Student: 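Just passing along the structure, written as structure tokens.
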Amino acid sequence: MIARLLFLIMLLPITATAGGGIVEAGYGPDVDVYPHRIMGDIYEKQVLRVVDADGVSHSLTLRDNVFEDISPRVADMDGDGLGDVVVVETSVILGASLAIYSLGPDGLFKLAATPYIGRSSRWLAPAGIADFDGDGQNDVAYVETPHLGKVLRFWTMQRGKLVQIAAASGLTNHRIGQEVITSGVRDCAGAVEVVMATGDWRFIVATKFEEGGLEFSDLGQYSAQAMANALVCG
């Protein structure tokens, strides 16, 4: 069974597999207003463009914030059966947050967002989108400050807001200057896991929900090939 490679080497806009709502998303041109440059030569953006299920294009332009991201991700995040967009949206003063945009009668709008990290030049790296806790609704995982704090956080939509449902320290999915995010989701025999590296990049770890908490599996020493292999169910 081939694992779902959601976030390993994301270089192109993602197209949703289910109809309804947003089905395709991408960013507009580069801007140079926030010289963090944590992803090497990948510049920040201020325009989000989407296509809906009817083939109609919509766009939104940020005024003060930026999209500090590799690519937007299309997924149904609120359980209504319609595609939303998950992005990294950064305040030049307060750092990164994870935001969800959706389509309404007036076009794109921010459905929900996590709090900003709290200071400039602090970033988060999305790790995967899946129903991690088994409640039938998608959740999102990211690593907050993957070069410093290295905290894996899981969030889900509840009553119109993003709520944290679990967290663990000592994990990462990005090195400074890399233009890829090194993590992914695999679903092996019904066990949905997010796979990434330990904070020192020595080992690969799979994390899953188990009996209300998180369970960790050591998948061996880290290498790029070993990571690719780990995302394939054996």
Side-chain angles (χ1 to χ4, degrees), residues 6-16 22-52 56-75 77 83-103 106-129 140-151 153 155 162 172-184 196-197 201 224:
L6 293 181
F7 289 89
L8 184 64
I9 310 181
M10 299 181 302
L11 299 179
L12 295 174
I14 299 172
T15 300
I22 298 166
V23 298
E24 185 177 326
Y27 292 126
D30 292 347
V31 296
D32 189 6
V33 297
Y34 181 60
H36 190 201
R37 266 332 87 68
I38 202 68
M39 297 176 290
D41 289 334
I42 297 178
Y43 278 62
E44 61 275 18
K45 317 292 194 295
Q46 286 188 302
V47 176
L48 176 63
R49 296 170 176 157
V50 306
V51 178
D52 67 23
V56 179
S57 297
H58 309 261
S59 67
L60 175 144
T61 302
L62 299 179
R63 177 172 297 180
D64 300 313
N65 290 356
V66 297
F67 297 112
E68 193 180 15
D69 203 359
I70 292 175
S71 177
R73 303 143 196 89
V74 177
M77 296 306 300
D84 306 300
V85 180
V86 179
V87 300
V88 180
E89 182 175 336
T90 296
S91 160
V92 300
I93 298 172
L94 298 175
S97 70
L98 184 127
I100 300 173
Y101 280 85
S102 193
L103 273 175
D106 297 322
L108 281 166
F109 69 97
K110 188 183 292 187
L111 182 65
T114 65
Y116 295 111
I117 292 173
R119 59 177 294 183
S120 181
S121 299
R122 294 296 182 266
W123 186 63
L124 63 85
I129 296 171
V140 60
Y142 65 70
V143 180
E144 182 177 290
T145 56
H147 323 110
L148 297 171
K150 304 175 183 180
V151 179
R153 300 188 186 277
W155 298 75
L162 276 167
T172 191
N173 60 350
H174 188 264
R175 286 184 168 114
I176 293 174
Q178 285 189 331
E179 297 180 4
V180 299
I181 294 174
T182 308
S183 55
M196 62 184 58
W201 289 92

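Small disclaimer: the values here were computed from a predicted structure and weren't measured. We number each residue from 1, following the sequence as shown.
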Student: Determine the minimum heavy-atom distance between Ser97 and Pro115, stating which atoms define it.
Tutor: CB-O, 3.9 Å
Student: Could you tell me how the ring of Phe67 sits relative to the ring of Tyr101: parallel (under 30°), tilted (30 to 60°) or perpendicular (over 60°)?
Tutor: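 Geometry flag for Tyr101 against Phe67: perpendicular rings.
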Student: Between Tyr34 (side chain) and Ile93 (backbone), is there a donor-acceptor pair under 3.5 Å?
Tutor: no
Student: Just jot down the side-chain hydrogen bond (donor to acceptor under 3.5 Å, both in side chains) partners of Glu144, sequence neighbours excluded, or say none.
Tutor: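 For Glu144, the residues satisfying side-chain hydrogen bond (donor to acceptor under 3.5 Å, both in side chains) (neighbours in sequence not counted) are Arg153.
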Student: Determine, step by step, whether Tyr27 and Leu48 satisfy the side-chain contact (heavy atoms from CB on, under 4.5 Å) criterion, reporting the C-alpha distance in whole Å, the side-chain angles of both residues, the deciding distance to 0.1 Å, and the verdict.
Tutor: CA-CA 5 Å; Tyr27 292 126; Leu48 176 63; 3.9 Å; yes
Student: Quick one: pull up CD in Glu89 and CG in Asp69 and give me the separation to the nearest 0.5 Å.
Tutor: 10.5 Å
Student: Would you find a donor on one side and an acceptor on the other, under 3.5 Å apart, between the side chain of Asn173 and the backbone of Ser183?
Tutor: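 Judged by distance alone, no pair lies under 3.5 Å.
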Student: Crowded around Leu148 CG? As in, over 12 foreign heavy atoms under 6.0 Å?
Tutor: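 Yes, enclosed.
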Student: Report the distance from atom CG of Asp84 to atom NZ of Lys110, rounding to the nearest 0.5 Å.
Tutor: 14.0 Å
Student: Are the side chain of Thr172 and the backbone of Pro146 linked by a donor-acceptor contact shorter than 3.5 Å?
Tutor: yes
Student: How about Leu124 and Pro126: do any of their side-chain heavy atoms sit closer than 4.5 Å?
Tutor: yes
Student: Please report the closest heavy-atom contact between Leu62 and Asn65, naming both atoms and the distance.
Tutor: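 Taking Leu62 first and Asn65 second, the nearest heavy atoms are CB-O, 3.3 Å.
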Student: When the ring planes of His174 and Trp123 are compared, do they come out parallel, tilted or perpendicular, using 30° and 60° as the limits?
Tutor: perpendicular
Student: What do the steps show when you test Tyr142 against Val88 for side-chain contact (heavy atoms from CB on, under 4.5 Å), and what is the final call?
Tutor: CA-CA 10 Å; Tyr142 65 70; Val88 180; over 6 Å; no
Student: Please report the interatomic distance NE2(His58) to CD1(Ile22), rounded to the nearest 0.5 Å.
Tutor: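 If I round to the nearest 0.5 Å, the distance is 8.0 Å.
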Student: Can you sort out the partners of Leu94 under side-chain contact (heavy atoms from CB on, under 4.5 Å), two or more places apart, ordered by chain and number?
Tutor: Ser91, Tyr116
Student: Would you give the length of the straight line joining atom CD1 of Ile176 to atom NE2 of His147, rounded to the nearest 0.5 angstrom?
Tutor: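 Between Ile176 CD1 and His147 NE2, I get 5.0 Å after rounding to 0.5 Å.
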Student: Please lay out, stage by stage, how Val51 and Val56 fare under the test side-chain contact (heavy atoms from CB on, under 4.5 Å).
Tutor: CA-CA 5 Å; Val51 178; Val56 179; over 6 Å; no
Student: For a side-chain contact (heavy atoms from CB on, under 4.5 Å) check, start with the C-alpha distance between Ile129 and Met77, then their side-chain angles and the critical distance, and finish with the verdict.
Tutor: CA-CA 9 Å; Ile129 296 171; Met77 296 306 300; 3.8 Å; yes
Student: Any donor and acceptor pair, going by atom type alone, linking the side chain of Ser120 with main-chain N or O of Val92 inside 3.5 Å?
Tutor: yes
Student: List the residues meeting side-chain contact (heavy atoms from CB on, under 4.5 Å) with Asp32, not counting sequence neighbours, and say none if there are none.
Tutor: Arg37, Tyr43, Glu44
Student: First locate atom OG of Ser71, then atom NZ of Lys45, and finally report the distance between them rounded to the nearest 0.5 Å.
Tutor: 9.5 Å
Student: Can you find a pair of side-chain heavy atoms, one from Val23 and one from Val74, that are under 4.5 Å apart?
Tutor: no
Student: Could you check if a side-chain atom of Thr182 sits within less than 4.5 angstrom of a side-chain atom of Trp201, using non-hydrogen atoms only?
Tutor: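 With C-beta onward as the side chain, the pair touches.
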Student: Arg73 side chain to Val86 main-chain N or O, any donor-acceptor pair under 3.5 Å?
Tutor: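 Looks like yes, one N/O pair under 3.5 Å.
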Student: To the nearest 0.5 Å, what is the distance between CZ (Arg49) and CG (Leu60)?
Tutor: 11.5 Å
